[in-house]
Amino acid sequence: QVQLVESGGGLVQAGGSLRLSCAASGSIFSFSVMGWYRQAPGKQRELVATITSGGTTNYADSVKGRFAISRDNAKRTVYLQMNSLKPEDTAVYYCNLRHISLGTPQGYWGQGTQVTVSS
């Protein structure tokens, strides 16, 4: 019973920046993990970054030092600040939420937002 809506994708030149947002609605357990994944054409979906409701973060090695994930629990929104973008970052970026509802682990995905980095 959770819905995720991403925004902020677009076209940017290499070296530029974008900020993605993901707004969550519905019934969300007090402790949850939200994150960003990405999928390029012909490739599997891969982890970019995650953040817990307590603020603990994890990043893929490929984005460390360039991307920053943050979370506003009051607004039920997670952000991904992407700096120093590279053409290799081009992909559809998906928001993800995981929590435990009614004693059962559950996961949800947003619809995705396209990020294209030109050289």
Side-chain angles (χ1 to χ4, degrees):
Q1 306 294 65
V2 175
Q3 297 80 44
L4 304 173
V5 180
E6 303 104 327
S7 62
L11 175 64
V12 66
Q13 193 173 35
S17 299
L18 285 173
R19 189 183 74 161
L20 306 183
S21 299
C22 174
S25 62
S27 298
I28 303 172
F29 186 65
S30 58
F31 180 82
S32 63
V33 179
M34 297 186 71
W36 291 94
Y37 294 71
R38 65 187 182 187
Q39 187 168 23
K43 294 187 176 182
Q44 65 183 9
R45 193 169 299 184
E46 65 177 358
L47 170 73
V48 177
T50 61
I51 184 168
T52 70
S53 51
T56 301
T57 59
N58 287 285
Y59 296 92
D61 288 341
S62 59
V63 306
K64 286 181 179 178
R66 299 189 299 119
F67 292 9
I69 190 169
S70 60
R71 179 169 178 165
D72 187 331
N73 289 330
K75 295 183 177 180
R76 305 172 77 174
T77 301
V78 65
Y79 306 93
L80 184 68
Q81 179 66 46
M82 304 185 293
N83 299 321
S84 302
L85 283 162
K86 305 175 181 179
E88 306 91 87
D89 297 317
T90 296
V92 177
Y93 284 69
Y94 296 91
C95 182
N96 173 264
L97 181 148
R98 290 175 285 138
H99 71 164
I100 298 176
S101 179
L102 301 176
T104 303
Q106 294 179 297
Y108 302 89
W109 292 97
Q111 81 285 356
T113 184
Q114 177 71 48
V115 171
T116 302
V117 184
S118 65
S119 60

Say you draw a straight line from OG of Ser62 to CD of Glu88; how long is it, rounded to the nearest 0.5 Å?
9.5 Å
Say whether Ile69 and Val92 are linked into one hydrophobic cluster, either directly or through other cluster members, by side-chain heavy-atom distances under 4.5 angstrom.
no
Is there a side-chain contact between Trp36 and Met82, using heavy atoms and a 4.5 Å cut-off?
no
Taking side chain to side chain donor-acceptor pair (under 3.5 Å) as the criterion, tell me which of Arg98, Arg71, Gln106 meets it with Ser32.
Arg71
Closest non-hydrogen atom pair between Phe31 and His99, with its separation
O-CB, 3.8 Å
Can you see which heavy atom on Ala68 is nearest to which on Tyr59, and at what distance?
CA-OH, 3.4 Å
Out of curiosity, Leu18 CG to Thr113 OG1, how far, rounded to the nearest 0.5 Å?
9.0 Å
Quick one: pull up CD in Gln3 and CG in Leu97 and give me the separation to the nearest 0.5 Å.
11.0 Å
For a quick test of reading the model, state the closest non-hydrogen atom pair linking Ala40 to Ala91 and the distance between them.
N-CB, 3.9 Å
Determine, using the 4.5 Å side-chain heavy-atom cutoff (strictly less than), whether Tyr79 and Tyr108 are members of one ILVMFWY cluster.
no
Going only through I, L, V, M, F, W and Y residues with side-chain contacts under 4.5 Å, is there a path from Val2 to Tyr37?
no
Under 3.5 Å, is there a donor-acceptor pair between the side chain of Thr90 and the main chain of Val117?
yes
What I'd like to find out is whether the side chain of Leu20 reaches to under 4.5 Å of the side chain of Val115, using heavy atoms alone.
yes
Give, for atom OG of Ser118 and atom CG of Leu85, the distance between the pair rounded to the nearest 0.5 Å.
10.0 Å
Atom pair CE/OG of Met34 and Ser70 - distance to nearest 0.5 Å
11.0 Å
Closest heavy-atom pair and its distance - Gln111, Val5
OE1-CA, 3.8 Å
Min side-chain heavy-atom separation Glu6-Tyr93 under 4.5 Å
no
For a side chain to side chain contact (heavy atoms under 4.5 Å, CB included) with Val78, tell me which candidate from Ile51, Thr50, Leu4 qualifies.
Ile51
Here the pair of heavy atoms bringing Gly103 nearest to Pro105 is O-CD, 4.1 Å
Minimum heavy-atom distance Pro87-Ala14, with the two atoms named:
CD-CB, 4.2 Å
Can you tell me how far apart SG (Cys22) and CZ (Arg76) are? Round to the nearest 0.5 Å.
11.5 Å
So, Asp89 and Lys86, do they make that salt bridge, N to O below 4.0 Å?
no
